[in-house]
Amino acid sequence: MFFPQFRARRIRGNEVFRRMVRETTLSVNDLIYPMFSAFGSGIKKEISSMPGIYQQSIEHIVADAQEVYGLGIPAVLLFGIPETKDAVGSDAYCDTGIIQETIRAIKREVPGLVVITDVCMCEYTDHGHCGIIKDGDVDNDSTLELLAREALSHARAGADMVAPSDMMDGRVAAIREALDENGFDKIPIMSYAVKYASGYYGPFREAAESTPQFGDRRSYQMDPANRLEALREAASDIDEGADIIMVKPGLPYLDILRDLRNEYNLPLAVYNVSGEYSMIKAAAIQGWIDEERVVLETMLAFKRAGADIIITYHAKDVARWLKQG
Ligand code: PBG
Ligand code: ZN
């Protein structure tokens with residue numbers, strides 16, 4: 001492959017050639033849209049660090065879900081902001097909790113839309129951690145029981161898929177067992193298999209009102225310096241019965257996404273998290289970058305690195321741009 005026999009520019013010369021040799025594609029089918037359901041009514045409150053993203057009460061969530069469905073996006077990922085929080089996150093596994101009611105409303109009004117739920121305790125605990133606190137740290141094994149109850153109550157309310165994000169050891173197995181024992185053997189688990197302790201979650205914690213009241217999440221989320229550990233985390237979740245594995249955050253961890261793609265043949269998801277969204281939005285609002293171009297390039301980067309599924313706050317915009325393009 002030497003010049004002048006080889007000229008890389010020959011197949012780059014016009015748009016039809018470029019289309020013919022394009023290696024990676026992006027489709028609306030790849031997208032999942034995250035939503036924040038707030039207790040109450042008449043609430044539609046924009047998250048200041050995430051322009052275009054709202055905390056919404058159920059009637060607004062349902063209208064939004066209708067729009068998402070109309071755009072052809074296959075699924076939403078739900079987070080709840082409950083009326084009250086306590087030490088053991090009771091609302092998380094209450095059959096009339098915020099998420100359970102939201103699932104019922106969406107499945108009633110927009111039955112064709114896949115509803116995935118985030119399974120974790122941090123939105124429901126008054127201390128903001130992802131599990132039960134014992135001796136100043138999150139206790140793994142007692143948290144498993146509550147996560148299993150939470151996932152089961154989501155399934156009972158009609159969730160199509162559950163997505164545990166807590167990072168307790170053994171939670172995929174605990175959830176799988178609870179679902180199977182109760183007749184929900186067909187409900188898939190998308191596990192946040194590889195989830196780093198990341199500064200990029202900052203805006204989300206404003207959105208979900210889930211900032212830890214003491215310490216941080218480094219005793220359960222992964223150290224950003226580690227790469228081999230990602231393979232161990234993914235392997236254990238797959239052994240425990242995960243149907244889809246996820247890497248989170250996205251852009252700073254594309255190498256990890258590629259590692260998992262090379263190592264495993266399960267569907268692979270990536271979470272393009274709140275801080276990644278906020279950075280693009282902020283620059284776009286300043287007029288410093290072309291938002292559509294940068295977002296589509298970012299989505300393509302996830303696909304190129306090996307993702308099958310992209311969870312992103314840009315999903316509605318991406319769906320619109322793909323339609324026009
Ligand atoms: C809950 C959870 C978090 C995110 C998804 N599920 C926050 C956290 O772990 O602190 C982050 C999503 C985002 O930043 O967009 N465990
Ligand atoms: Zn959590």
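Counting starts at 1 for both ligands and their atoms, in listed order. Not measured: the values here are computed from a predicted model.
- Surrounding CZ of Arg18 are more than 12 heavy atoms belonging to other residues, nucleotides or ligands, all under 6.0 Å away.
- Counting heavy atoms under 4.0 Å from ligand 1, residue Asp166 does not touch it at all.
- Here atom 2 (C) of ligand 1 lies nearest to Lys195 when heavy atoms of Glu123, Met167, Lys195 are compared.
- Angle SG(Cys130) to the Zn ion (ligand 2) to SG(Cys120), rounded to 10°: 110°.
- Counting only N and O atoms by type, the side chains of Asp64 and Gln56 include a donor and acceptor under 3.5 Å apart.
- Within the 4.0 Å heavy-atom criterion, both parts of Ser274, backbone and side chain, lie near ligand 1.
- Shown are Leu257, Val270, Val273; of these, the side chain to side chain contact (heavy atoms under 4.5 Å, CB included) with Lys248 is made only by Val273.
- Listed by atom number, the atoms of ligand 1 under 4.0 Å from Cys120 heavy atoms are 16 (N).
- Counting heavy atoms from C-beta outward, Tyr277 and Asn272 have side chains that stay 4.5 Å or more apart.
- Of the N and O atoms on the side chains of Ser236 and Asp239, not one donor lies less than 3.5 Å from an acceptor on the other residue.
- Of all atoms in ligand 1, listed by their number and element, those nearer than 4.0 Å to a heavy atom of Phe79 are 5 (C), 6 (N).
- Close approach of ligand 1 to Gln221 is summarised as follows: ligand atoms under 4.0 Å from at least one heavy atom of the residue are 8 (C), 9 (O).
- Ligand-side atoms of ligand 1 in range of Cys122: 1 (C), 16 (N), range being under 4.0 angstrom from any heavy atom.
- Here the protein heavy atom with the shortest distance to atom 15 (O) of ligand 1 is Tyr313 OH, 2.6 Å.
- Relative ring orientation between Tyr192 and Tyr271 is described as tilted, the plane-to-plane angle lying within the 30° to 60° band.
- Contacts with ligand 1 closer than 4.0 Å are made by side-chain heavy atoms of Tyr271 only, the backbone lying farther away.
- Nearest to atom 12 (C) of ligand 1 among the protein's heavy atoms is Phe204 CD1, 3.3 Å.
- Among the atoms of His129, no N, O or S atom is found under 2.8 Å from the Zn ion (ligand 2).
- Residue contacts with ligand 1, taken as heavy atom pairs separated by less than 4.0 Å, involve Ser165 via backbone and side-chain atoms alike.
- The closest protein non-hydrogen atom to atom 5 (C) of ligand 1 is Lys248 NZ, 2.6 Å.
- Relative orientation of the Phe79 and Phe204 rings is perpendicular, given thresholds of 30° and 60° on the angle between their planes.
- Side-chain N or O atoms of Ser57 include one that pairs as donor or acceptor with a backbone N or O of Gly42 at under 3.5 Å.
- Stacking of Lys45 on the aromatic ring of Phe36 is not recorded, the 6.0 Å distance cut-off and the 45° axial limit not both being met.
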